[in-house]
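In each ligand, atom 1 is the first atom listed, and ligand 1 is the first ligand listed. For this chain, numbers begin at 1 and follow the sequence in order. Please read these numbers as outputs of a predicted model, since none were measured by experiment.
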Amino acid sequence: MSQLLLQNRKIVLGVTGGIAAYKSCELCRKLIKNGAEVRVVMTETATKFVTPATFAALTHHEVMSDVFQDAEGIDHIAITNDADLFVIAPATANSLAKFATGIADNAVTTAVLASACPVVLAPAMNSRMLLNPATKSNIKTLQERGFYIIAPEEGDLACGDKGLGRMRNVDDIFSYICALLNDHIALPYQAPELSCLPSPTTPAALTQTKLLPKSHGAGIKIVITAGPTQEPIDPARVITNRSSGKMGYALAQMAATMGADVTLISGPTQLATPNNVKRINVTTAEQMLDAVKSQVGQAHIMIGCAAVADYRLIEPMQTKLKKEETGEFLNLQLVKNEDIISYVGHLVENRPFTVGFAAESNNFEANAREKLTRKNLDLIVMNDISDPAIGFNSNDNAATVFGPNGIVTSFGKMSKIKMADLLMELIIAEYKDHKTAKAKK
Ligand code: C5P
């Protein structure tokens, strides 16, 4: 039998008093089913929604819901001592406020304050409570201290409202936990008002030894282009493409997690800026090129992940085109945009280690090699876009990386965030080798 995803993992599940507490029973069951040993700690209010007996039956352990209680000889201070992860689901606005200010007035808040392992929070509440500046500021404080936040989602709320605030579904929380424990990376979760990427870079987080951030990017400046560009036709219309920007943003997030100084030059996307990433927004290919020119002089690594439009209108219309005036056929005169990554690859002075991407639907290897040479790249990451399950807008990807001596490595189908983690590791390692080899010459 294949190994269970959470085999030998010890997880403490904290349940605070929100209606979403009923979903935590399912989460608890799923964690156990996948091999984890789970201990549950509850606030008194949470016990009004779900009885401790339910969790005790699921976990085969006594549930802790009172600070004066020793559950099987373990108290609230010690409950996380040998745990891999402490997951609070749901985390109410009230509990978040207490975690942020260090209040320890019940079994869950005390266990959080005394926690000996990383803490993941899955907030759940009414949207006005969530978007209240007090809660937003508490979440920000907690993120900055290295708590992992799983942003809530939009949907029907228990109070009858619709909106942002519903606890993330059990499968998402489960995947997040698996990614944290198995890959030592966190998935990006975005919500319109709350960019909730984990930021385990503070001294407090550094004490969370089981999830130490990787630091091999320290001292390295990386510029990444991401997303599509938009080339105006007239004031209302543009030429663009289906790039979501997810791969470039994932690379930026991972590079920042590794301690690099990251500048993300982004075309229009719906994505939130990853923590500790400087973002420059652009719309057209020409603007992207200008932004790259302004940044690349100081960069050690340049990654061209953007889907840059190959052509733009020679002269976009100043006023909106009217079909009554343009008639049956419309001819637009396009001119080629400069190739940004090729410009960087051919720099003579201050040329960074240059990585391009190629999205191909046939002749993969030949096309990748040809582009590597023509654009003078150090590495090229080749994506197969003939498979709709990967590539544009999908959360998954598969790729082969080529260098001047041929295939460097291949990544089978995996999440873009996981691939970004592996790719950034590879790119930083190759950059360091390249630098050492250059120094020896
Ligand atoms: O030639 P093709 O567009 O397939 O090459 C893709 C690679 O080139 C990507 O790395 C993309 O970011 C980059 N590119 C660029 N500027 C352009 C066109 C593509 O940087 N104008």
Side-chain angles (χ1 to χ4, degrees), residues 222-232 238-252 255 262-269 271 280-296 299 301-314 334-347 351-386 390-393 397 399-404 408 411 416 419-420 423-424 426-427 430-431:
I222 305 181
V223 175
I224 301 174
T225 64
T229 62
Q230 288 182 353
E231 310 302 323
V238 293
I239 298 174
T240 189
N241 58 66
R242 292 167 58 211
S243 166
S244 64
K246 284 178 186 166
M247 192 64 225
Y249 276 61
L251 285 166
V262 186
T263 302
L264 179 64
I265 300 174
S266 173
T269 71
L271 304 173
I280 301 176
N281 288 325
V282 296
T283 307
T284 65
E286 283 183 308
Q287 289 167 359
M288 188 171 272
L289 177 63
D290 286 345
V292 166
K293 283 182 177 171
S294 76
Q295 297 298 316
V296 81
I301 299 175
M302 164 83 208
I303 304 175
C305 199
V308 187
D310 290 324
Y311 292 88
R312 67 177 182 278
L313 252 71
I314 291 186
L334 305 179
V335 60
K336 215 172 198 164
N337 278 322
E338 179 160 0
D339 192 302
I340 301 171
I341 204 73
S342 179
Y343 162 83
V344 176
H346 286 97
L347 280 175
R351 177 190 176 278
F353 185 81
T354 309
V355 184
F357 274 68
E360 300 292 342
S361 50
N362 63 338
N363 280 344
F364 309 112
E365 186 161 348
N367 283 326
R369 284 177 191 278
E370 186 276 323
K371 265 181 204 173
L372 185 93
T373 313
R374 177 163 46 88
K375 301 189 186 206
N376 199 30
L377 305 175
D378 295 296
L379 292 176
I380 191 156
V381 183
M382 214 279 306
N383 299 126
D384 173 1
I385 56 165
S386 63
I390 52 178
F392 286 124
N393 217 4
N397 206 353
T400 304
V401 184
F402 294 86
V408 178
F411 299 116
K416 284 185 176 168
M419 184 176 294
L423 262 178
M424 275 323 307
L426 175 78
I427 292 169
E430 292 277 325
Y431 156 71

Donor-acceptor contact present, side-chain Glu370 to main-chain Ala366, <3.5 Å: no

Does at least one non-hydrogen atom of Ala306 fall below 4.0 angstrom from an atom of ligand 1? yes

Say whether Ala309, considering both its backbone and side-chain N or O atoms, lies within less than 3.5 Å of an N or O atom on ligand 1. no

Give the residue and atom name of whichever protein heavy atom lies nearest to atom 14 (N) of ligand 1, and the separation in Å to one decimal. Asp339 OD1, 3.8 Å

Atom 10 (O) of ligand 1 has as its nearest protein heavy atom Gly304 O, 2.5 Å

Note: Lys371, heavy atoms under 4.0 Å from ligand 1, region reported as side chain

Is the closest side-chain donor-acceptor distance between Asn337 and Asp310 under 3.5 Å? no

Can you tell me if Tyr249 and Ser244 form a side-chain donor-acceptor pair at under 3.5 Å? no

If we only count N/O pairs under 3.5 Å, is Glu360 in contact with ligand 1? no

Can any side-chain N or O of Ser243 pair as donor or acceptor with the backbone N or O of Ala307 at less than 3.5 Å? no

Closest protein heavy atom (residue, atom, distance) for atom 16 (N) of ligand 1: Ile340 N, 2.9 Å

When you check the gap from the basic side-chain N to the acidic O, do Lys371 and Asp339 get nearer than 4.0 Å? no

Which of the numbered atoms in ligand 1 are below 4.0 angstrom from a heavy atom of Gly356? 10 (O)

Looking only at distances, can you tell me whether any N or O atom of Ile341, backbone or side chain, sits closer than 3.5 Å to an N or O atom of ligand 1? yes

How close does the nearest protein non-hydrogen atom get to atom 6 (C) of ligand 1, and which residue and atom is it? Phe357 O, 2.9 Å

Decide whether the shortest distance between a heavy atom of Lys375 and an atom of ligand 1 is less than 4.0 Å. yes

Best match, Val308, Val355, Thr229, Asn383: closest heavy atom to atom 17 (C) of ligand 1: Val308

Between the side chain of Thr400 and the main-chain N/O of Met382, is any donor-acceptor distance below 3.5 Å? no

Indicate yes or no for a side-chain donor-acceptor contact from Arg312 to the backbone of Thr284 under 3.5 Å, with no hydrogens or angles considered. no

What's the shortest distance from atom 21 (N) of ligand 1 to any protein heavy atom, and which residue and atom give it? Glu338 O, 3.0 Å

Kindly compute the distance separating CD1 (Ile340) from NZ (Lys375), expressed to the nearest 0.5 Å. 9.5 Å

Has the side chain of Thr263 got a donor or acceptor atom that lies under 3.5 Å from a matching backbone atom of Val223? no

